[in-house]
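Below is one structure, written out as structure tokens; comments come after it.
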2 protein chains.
Amino acid sequence: MSVGIRHDDLRRRNRAMVISAVRRAGQPSRTEIAATTGLSHSTISAISADLIHEGILTESKASEPTALKRGRPQIGLAQNPEAAAVLTVVLSLNFLSVAVIDYAGQVIAEEQQRLDTLVMPRDELIGECVAIVRRRLQDPDLDLGSVARIAMGIQGITDSHSRAMLWSPITPLTDIPFADILEKEFGIPATTENDCNMMAVALQWRDPERYRDDFIAILLSHGIGMGLVLKGALFTGTHSSGGEFGHMIHRPGGALCRCGRRGCVEAYAGNYAIWRSAMGISEDAAPTDVGDADMRALAAKARQEDGPEREAYRRAGEALGFGLGSLFALIDPAPVAMVGVSAAAFDLIEPALREAIAQTAGGQHSKSISFDTEPNELPLIREGCAMRALTFVDQEIFAPGGQARAGKHVA
Amino acid sequence: MSVGIRHDDLRRRNRAMVISAVRRAGQPSRTEIAATTGLSHSTISAISADLIHEGILTESKASEPTALKRGRPQIGLAQNPEAAAVLTVVLSLNFLSVAVIDYAGQVIAEEQQRLDTLVMPRDELIGECVAIVRRRLQDPDLDLGSVARIAMGIQGITDSHSRAMLWSPITPLTDIPFADILEKEFGIPATTENDCNMMAVALQWRDPERYRDDFIAILLSHGIGMGLVLKGALFTGTHSSGGEFGHMIHRPGGALCRCGRRGCVEAYAGNYAIWRSAMGISEDAAPTDVGDADMRALAAKARQEDGPEREAYRRAGEALGFGLGSLFALIDPAPVAMVGVSAAAFDLIEPALREAIAQTAGGQHSKSISFDTEPNELPLIREGCAMRALTFVDQEIFAPGGQARAGKHVA
DNA sequence: GGCTTTTTTTCGAGCCTCAAAAAAATAGTG
DNA sequence: CACTATTTTTTTGAGGCTCGAAAAAAAGCC
């Protein structure tokens, strides 16, 4: 249960608040921080003096061309890039990429690699991931000791504590505790994050205006994934990363899904499902992987003339619309970002999608629901992982203490 | 955005923590409170001395027959019944009930009334609610000044801030701001809560062992409602009370639902839907109200012989199962409590329900999902309202301060 | 009655935040 | 260029909170 606030927690929490305020705002002055946090100027002054002294923040005076205001000019504060670094690993279908990012959020090194995830044995898959991380960490240009966190984004279901990949469409393997493996190998705290959740995190940082408290990021790719932010916080399941929008039931007993079950939304709206439908292949046929180029060609064909291709996208839209309708019945409508290769074909999907939503409980506001599209998911996933790792460093390393002590006696 | 902790917030929060610990535990000693909150003995001693002095808590020494332990005996602390009172109003189909509850949670007065909610005009419905509350408040046995909060539980959709009823199956009227009406009338802070949410709150208090962090309460009655607790907190939509499980889509374009749309779970599993199906009435037929006695007779018939009645329950189970399957895809499986008159017929529903769940993403753990039944929803709703109101008094009245001051500058 | 054990209270120390005042840094002004 | 007005930042002293240790209280045990 919730735990009391000890006196020493107070400073810790307010430190964390200042660090987070600096990361969120561009280069806020102490006065701005005082305003957003509600703390007094003196407190902010004391805390930021500490943080600067410890090398966590820096004064970035040479920022703007001094806005020609009267009075003492504001001194912007910013994350000190040298305070720490984080490493992101993104594992998706046949593709592995790693980046090292400094504490201010700038990419300082990266490496990418193709690999055949679908057929690799367990040891090899793990080995490649470890190896690529090791190469980046041992880069002579980089100070190894400074990497404070690894965040791995992975296509598939992860557990709710972000420790392991439980199931993934990119490999037949299951239950790989990547976080533990990386921690053991490198002695650096690590997490294993769901790709769609990281997309949502990235959107929240990219456009906090639009994506703030409540929104949905849907990945339209081979499979259908979702990252959900509710009341400003990432939503996860009770045991897993949750939010398996693609496996909500659209038609009981319907088309065969990649997950082996029938009638899932994905079995109508995933790339393979659209392809299967457009090619006149049976709904009972096993899903096949379809390349991005093929999907783009399919969309072009659908735009050109009314035929089975267009109908396939229409059916995808219908499945997504009824799925979203059911979701909206639970959480109320919220802005949606469509991400991934099929987001580029959203013009083909949208009409049927809106028509379906209009027939559901969320439909009363169907016109006000806004959709945004972003065809490229990988940069989003990496950005999300980076922000995840950086905020961890902000909170747990540079404002440490609380968790370990308080609440130890809680039943 | 999150806001800094001011120095004076500290005591306020820890006060709130102590009050809440006392309400949660039976009659905890100061030592127990220190253990659960993680605060030091001296702090707990100081805070509880304050609270006792202010008449909020009392020492309830004569509690147990002293467990024959060595050492100074523990002194139990408890809510002082006279510190305040709250009032609950429960409005459901053709039925209005009010109760006054003391600060320790004991019912000290109640009144119930039948009324024809389906046909009452707006003014009359509001008038009856106000009148019954006034009668209780003006009871000469009761000290009016001590009622510190009114919680109204209402069948239907409320807004996410618990101010108004937005839509309800018990009346054609919409958007009635009951909370504002009651506040204006009596000068007592009030809320308008969703009935199923209050069921969930009540279950959490009744059996915290089973219903703690993640569980689902489903109302099987005229309509299908849901109260959802995730990570220990009541889940609400972004605008409304949310959790409209009954209006997730089971079969696109399917049976006619009371909400006017088609294919909702409720259109297969609500009382009227089961009745319609058992009687061989068309799925397009307008929903009719079915009495509880009729439903019990229907269930008896279904148990007696395999016929359309049993098939109707089977179809209800299927709809509930696929709906739960979709829900579990989003939040992972969790314990379920089935409440309401059709929960008494859960034996007829369960086989098809489990079969359907097994075909969904949540199905992998379908055997471990446990169902509990509770046929009577009204006491649960009242209990939930009472706890809602009491914890408000705990937090906002007896540990006040924070909200109003902190964060006023947050953009 | 004295001893042990456990709970509760008391007390001084150490921090933390706050408000107010002081200091710092710049733009305007004559 | 000195001086004033303005705004930001730092300093300072006061008050309040929690903590640990020690003391006090209240029982059982022998």
Side-chain angles (χ1 to χ4, degrees), chain A residues 3-18 27-35 37-53 57 59-77 399 401-402 405-406 408-409, chain B residues 3-18 27-53 57 59-77 399 401-402 405-409:
Chain A
V3 89
I5 301 176
R6 301 170 54 131
H7 199 229
D8 36 347
D9 284 352
L10 223 174
R11 188 51 170 277
R12 197 194 102 250
R13 292 196 187 211
N14 286 340
R15 263 175 78 103
M17 192 110 347
V18 169
Q27 291 187 332
S29 69
R30 292 167 173 78
T31 308
E32 279 176 66
I33 299 173
T37 59
L39 297 171
S40 73
H41 288 187
S42 24
T43 302
I44 300 300
S45 185
I47 291 177
S48 41
D50 281 359
L51 292 173
I52 290 170
H53 191 75
L57 299 183
E59 295 190 337
S60 67
K61 41 189 69 181
S63 59
E64 293 176 41
T66 55
L68 287 175
K69 276 194 308 184
R70 235 169 158 179
R72 179 172 175 174
Q74 302 190 348
I75 307 169
L77 294 179
R405 302 178 51 193
K408 58 188 163 186
H409 286 294
Chain B
V3 89
I5 301 175
R6 302 170 55 132
H7 200 227
D8 36 348
D9 285 352
L10 223 172
R11 191 50 173 277
R12 197 194 102 252
R13 293 198 186 211
N14 286 341
R15 264 175 77 104
M17 192 110 346
V18 170
Q27 292 186 333
S29 69
R30 292 165 174 81
T31 308
E32 278 176 66
I33 299 173
T36 56
T37 59
L39 297 170
S40 72
H41 287 187
S42 23
T43 303
I44 299 301
S45 185
I47 292 177
S48 40
D50 281 1
L51 292 173
I52 290 169
H53 191 74
L57 299 183
E59 295 190 338
S60 68
K61 40 190 69 180
S63 59
E64 294 175 40
T66 53
L68 287 176
K69 276 193 307 183
R70 235 166 159 184
R72 179 172 175 174
Q74 302 190 351
I75 307 169
L77 294 178
R405 304 178 51 191
K408 59 187 164 187
H409 286 296

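Computed from a predicted structure; not experimentally measured. Every chain is numbered from 1 and lettered A, B, ... according to where its sequence line falls, protein lines coming before strand lines.
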**Report entry** Among A/V18, A/I44, A/I52, A/L51, side-chain contact (heavy atoms from CB on, under 4.5 Å) partner for A/L77
**Finding:** A/I52
Query raised in the report: D/dG15 P sits how many Å from A/L10 CG, rounded?
Result: 20 Å
Report summary line: When rounded to whole Å, the CD to P distance for the pair A/Q74 and D/dT6 reads 17 Å
Requested in this report: Consider the side chain of A/R30, meaning its heavy atoms from C-beta on, and name the nucleotide among D/dC19, D/dT9, C/dC18 that approaches it most closely.
Outcome: D/dT9
**Report entry** D/dT7 OP1/OP2 closer than 4.0 Å to side-chain N/O of A/T31
**Finding:** no
Query raised in the report: What is the distance from atom NE2 of A/H7 to atom OG1 of B/T43, rounded to the nearest 0.5 Å?
Result: 10.0 Å
Query raised in the report: How long is the line joining CZ of A/R72 and P of C/dA23, in whole Å?
Result: 13 Å
Query raised in the report: Distance check: side-chain N/O of A/S40 vs OP1/OP2 of C/dA19, anything under 4.0 Å?
Result: no
Requested in this report: Could you state the atom-to-atom distance from CZ of B/R12 to P of C/dT17 in whole Å?
Outcome: 16 Å
**Report entry** 4.5 Å side-chain heavy-atom contact, B/T36 and B/M17
**Finding:** no
Query - Straight-line distance of B/I5 CD1 to A/R12 CZ, nearest 0.5 Å - result: 8.5 Å
Report summary line: From CG of B/L39 across to P of D/dC17 the rounded distance in Å is 14 Å
Report task. Quickly work out the A/I44 CD1 to D/dT10 P distance and round it to whole Å. Result -> 11 Å
**Report entry** Under 3.5 Å donor-acceptor, B/T37 side chain and B/I33 backbone
**Finding:** yes
**Report entry** Rounded distance (Å) that lies between atom P of D/dC17 and atom CD1 of B/I5
**Finding:** 15 Å
Report task. May I ask you to verify if any side-chain N or O of B/S45 is less than 4.0 angstrom from the OP1 or OP2 atom of C/dT8? Result -> no
**Report entry** Under 4.0 angstrom between B/R6 side-chain N/O and C/dC18 OP1 or OP2
**Finding:** yes
**Report entry** Atom pair distance, as rounded to whole Å: CG in B/D9 and C1' in C/dT17
**Finding:** 11 Å
Query raised in the report: OP1 or OP2 of D/dC17 sitting under 4.0 Å from any side-chain N/O of B/N14?
Result: no
Measure all distances between protein nitrogen or oxygen atoms and nitrogen or oxygen atoms of nucleotides 13-15 of chain C, and list the pairs falling under 3.5 Å.
unit_1, atom_1, unit_2, atom_2, d
C/dG14, N2, A/H7, ND1, 3.4

